[in-house]
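Counting starts at 1 for both ligands and their atoms, in listed order. One is the number of the first residue; the rest follow in order along the sequence. Just so we're clear, the structure is a prediction, and the values are computed from it rather than from any experiment.
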Amino acid sequence: MAQRIAVGVLGARGKVGSQVCAAVDAADDLELVAEVDEDDDPRLLVERGAAVAVDFTHPDAVMGHLELCLAHGVHAVVGTTGFDDARLAALRAQVEQRPGVGVLVAPNFSIGALLMMRFAAEAAPHYESVEIVELHHPTKADAPSGTARRTAELVAAARREAGSPPAPDATSTALDGARGADVDGVPVHAVRLRGLVAHQEVLLGGSGETLTIRHDSFDRSSFAPGVLAAVRAIGDRPGLTVGLEHLLEL
Ligand SMILES: NC(=O)C1=CN([C@@H]2O[C@H](COP(=O)(O)OP(=O)(O)OC[C@H]3O[C@@H](n4cnc5c(N)ncnc54)[C@H](OP(=O)(O)O)[C@@H]3O)[C@@H](O)[C@H]2O)C=CC1
Ligand SMILES: O=C(O)C1=N[C@H](C(=O)O)C[C@H](O)C1
C-alpha cells in the first residue's frame, strides 16, 4: 500500500474540524498526526510531520496558520472563511514565495453547494434580477458567508461576460441594510437563526417568472468528503487554488 498522507487539523475541536478529524481517522490512506485547537501550539503540526494541514478555525487566526504552513512546506486545505480580494492577493504573494507548496481556499466543500454556484452562474445572464439569501446558525462569525460572496462574484462575472445590464431597482429610500450587502453589484442578504446549519438561495427573476436555486447543508458531514478529496489532491497542485471545483475538475 502507498504511504499514508500525514494530516494535521487546525480547529480540531470545532464543529467542522471535529468531523474532519473523524473522517481522516476513518480513511485508510490518511493518518491524523496532529489535532490543534485554540489553546494548542500550532507548531505541533510541523513537529508531528504533517504533510497537509486542514484549517477550520476563525477568520482572525487562519492567516497566521498559513504563514506557518508555508514556512515549513506544509500543503494547506482551508475551509475557514473571511477571504476577501485583499486577503487573497496577500496570500497569493506569500504562496508565490514558496514554490511547490499547494494551498486551497474553498468557501464550501459540499458537492451540492459547488453545483449551486455553478448553476447560479449559468442561469444569471438569462434573468433581469439576481439576489442571494444565505441562512446560517447564529454562532457564525462572518457575514455574508464565504459561499454567498463567491456565488455573487461568479454570478457578477457571468453577467459581465454576457453583457447583462444592471438589475432593475427603483429603491430611492431605505433603512440601512434593507437591500442587503452589495457584493460585485449583487444584493446579498444574511439570516442568522437558531436551528439552521448552512443554507443558501439564489433568486433569479425575469418577465413573469422566477427561478430559485437552493442548497441546504443539514449536517456538517456534508463537508467531509470534499475536504478529504482536497487533502488527497493538494500535494499535486502547487500554488494558490480558490474553489474546490478546480481540484475535482467539476
Ligand atoms: N468551507 C466550508 O465548506 C466551510 C467553512 N466553514 C468555516 O470554517 C470556520 C470554522 O467553522 P466552525 O467549525 O463552524 O466553527 P467553530 O467555532 O465550531 O470551530 C472553530 C474551532 O477553531 C478553534 N480556534 C479558534 N481560533 C483558533 C486558533 N487560533 N488556533 C486553533 N484553533 C482555533 C475554535 O476554538 P474556540 O471554540 O475555543 O474558540 C474552535 O474549536 C468558519 O470560518 C466557517 O465559516 C464552516 C463550514 C464549512
Ligand atoms: O460557518 C459556516 O457554518 C459555514 N461557512 C461557510 C461559508 O461561510 O460559506 C460554508 C458553509 O456555508 C458553512
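Counting heavy atoms from C-beta outward, S145 and T81 have side chains that stay 4.5 Å or more apart. Side chains of Q19 and K15 form no contact here, defined as non-hydrogen atoms less than 4.5 Å apart.
Contacts of A113 with ligand 1, taken as heavy-atom pairs under 4.0 Å, are absent altogether.
Ranking the protein heavy atoms by distance from atom 10 (C) of ligand 2 puts P107 O, 3.3 Å first. Regarding atom 9 (C) of ligand 1, its nearest protein heavy-atom neighbour is T57 O, 3.6 Å. Nearest non-hydrogen protein atom to atom 36 (P) of ligand 1 is E38 OE1, 3.2 Å. At the top of the distance list for atom 7 (C) of ligand 1, counting protein heavy atoms only, stands G79 O, 3.5 Å. The single protein non-hydrogen atom nearest to atom 9 (O) of ligand 2 is T147 OG1, 2.5 Å, given as residue, atom name and distance. What sits closest to atom 8 (O) of ligand 1 on the protein, heavy atoms only, is F56 CD2, 3.4 Å. The protein heavy atom nearest to atom 1 (O) of ligand 2 is K140 NZ, 2.9 Å. Atom 19 (O) of ligand 1 has as its closest protein heavy atom G14 CA, 3.3 Å.
Remark: the backbone N or O of L30 is not paired with any side-chain donor or acceptor of R232 at under 3.5 angstrom. Formation of a donor-acceptor pair under 3.5 Å by the T241 side chain with backbone atoms of L104 is not found in this model. H58 places a side-chain N or O within 3.5 Å of a backbone atom of D60 that can act as its donor or acceptor partner. Counting only distance, with no hydrogens or angles, the side chain of D216 and the backbone of H199 share no donor-acceptor pair below 3.5 Å. No donor-acceptor distance shorter than 3.5 angstrom exists from the side chain of D37 to the backbone of D39, with no hydrogens or angles considered. Although no hydrogens or angles enter the test, the distance criterion places no donor-acceptor pair under 3.5 Å between the side chain of R150 and the main chain of P107.
Which parts of ligand 2 touch N108 is read off a 4.0 Å heavy-atom cut-off, strictly below it: atoms 10 (C), 11 (C), 12 (O). Under a 4.0 Å criterion applied to the non-hydrogen atoms of H137, ligand 2 contributes the atoms 1 (O), 2 (C), 3 (O). Numbered from 1 in the order shown, with element, the atoms of ligand 2 that lie under 4.0 Å from a heavy atom of H136 read 2 (C), 3 (O), 4 (C), 11 (C), 12 (O), 13 (C). Interface atoms of ligand 2 facing A198, defined by a heavy-atom separation under 4.0 Å, are 11 (C), 12 (O), 13 (C). Short contacts between ligand 2 and G146, defined as distances under 4.0 Å to a heavy atom of the residue, involve ligand atoms 7 (C), 8 (O), 9 (O). Each of the atoms 1 (N), 2 (C), 3 (O) of ligand 1 lies under 4.0 Å from some heavy atom of F109. Close approach to V16 involves these atoms of ligand 1, each under 4.0 Å from a residue heavy atom: 13 (O), 46 (C), 47 (C). Atoms of ligand 1 found under 4.0 Å from any heavy atom of A61 (numbered from 1 in listed order, with element): 28 (C), 29 (N). Applying the 4.0 Å criterion to heavy atoms of K140 picks out, from ligand 1, the atoms 45 (O). Of all atoms in ligand 2, numbered sequentially from 1 with element shown, those under 4.0 Å from a heavy atom of S145 are 7 (C), 8 (O), 9 (O).
Considering backbone and side-chain atoms alike, A148 places every N or O at 3.5 Å or more from each N or O of ligand 2. At under 3.5 Å, not a single nitrogen or oxygen of P59, backbone or side chain, sits near a nitrogen or oxygen of ligand 1. The shortest N or O to N or O distance between K15 and ligand 1 is below 3.5 Å. Any N or O atom pair closer than 3.5 Å counts here, and F223 shares no such pair with ligand 1. Checking only distances, S110 never comes within under 3.5 Å of ligand 1, N or O to N or O. Between A106 and ligand 1, at least one N/O pair is under 3.5 Å apart.
Looking at D28 and R4, no side-chain N of the basic residue comes within less than 4.0 Å of a carboxylate O on the acidic one, giving no salt bridge. Between R87 and D85 there is no salt bridge, since no side-chain nitrogen of the basic residue lies less than 4.0 Å from a carboxylate oxygen of the acidic one. The pair E134-R149 does not meet the salt-bridge criterion, since no charged nitrogen lies less than 4.0 angstrom from a carboxylate oxygen. Taking 4.0 Å as the cut-off between side-chain N and carboxylate O, D40 and R13 count as a salt-bridged pair.
The closest approach between any non-hydrogen atom of L10 and ligand 1 is not below 4.0 Å. Residue contact annotation: R220 has no non-hydrogen atom under 4.0 Å from ligand 2.
The nearest protein heavy atom to atom 3 (O) of ligand 1 is closer than 4.0 Å.
By the criterion of side-chain heavy atoms lying less than 4.5 angstrom apart, applied directly or through intervening Ile, Leu, Val, Met, Phe, Trp or Tyr residues, V133 is not grouped with V183; the two fall into different hydrophobic clusters.
Contact between A143 and A190 at its shortest, heavy atoms only, is CB-CB, 4.2 Å.
With a 6.0 Å radius and a threshold of 12 heavy atoms from other residues, nucleotides or ligands, R43 has its CZ atom at or below the threshold. Within 6.0 Å of CD on E161 lie no more than 12 heavy atoms contributed by other residues, nucleotides or ligands.
Around atom 42 (C) of ligand 1, the closest heavy atom drawn from V36, L114, T81 belongs to T81. Which of R13, H65, H58 comes nearest to atom 28 (C) of ligand 1 through a heavy atom is settled by distance: it is H65. When V197, D40, V9, D37 are checked for heavy-atom proximity to atom 34 (C) of ligand 1, D37 turns out nearest.
Between the OG1 atom in T151 and the CD atom in Q200 there is a gap of 4.0 Å [rounded to 0.5 Å].
Of the options P168, P166, S164, P165, a side-chain contact (heavy atoms from CB on, under 4.5 Å) to E128 is made by P168 and by none of the others.
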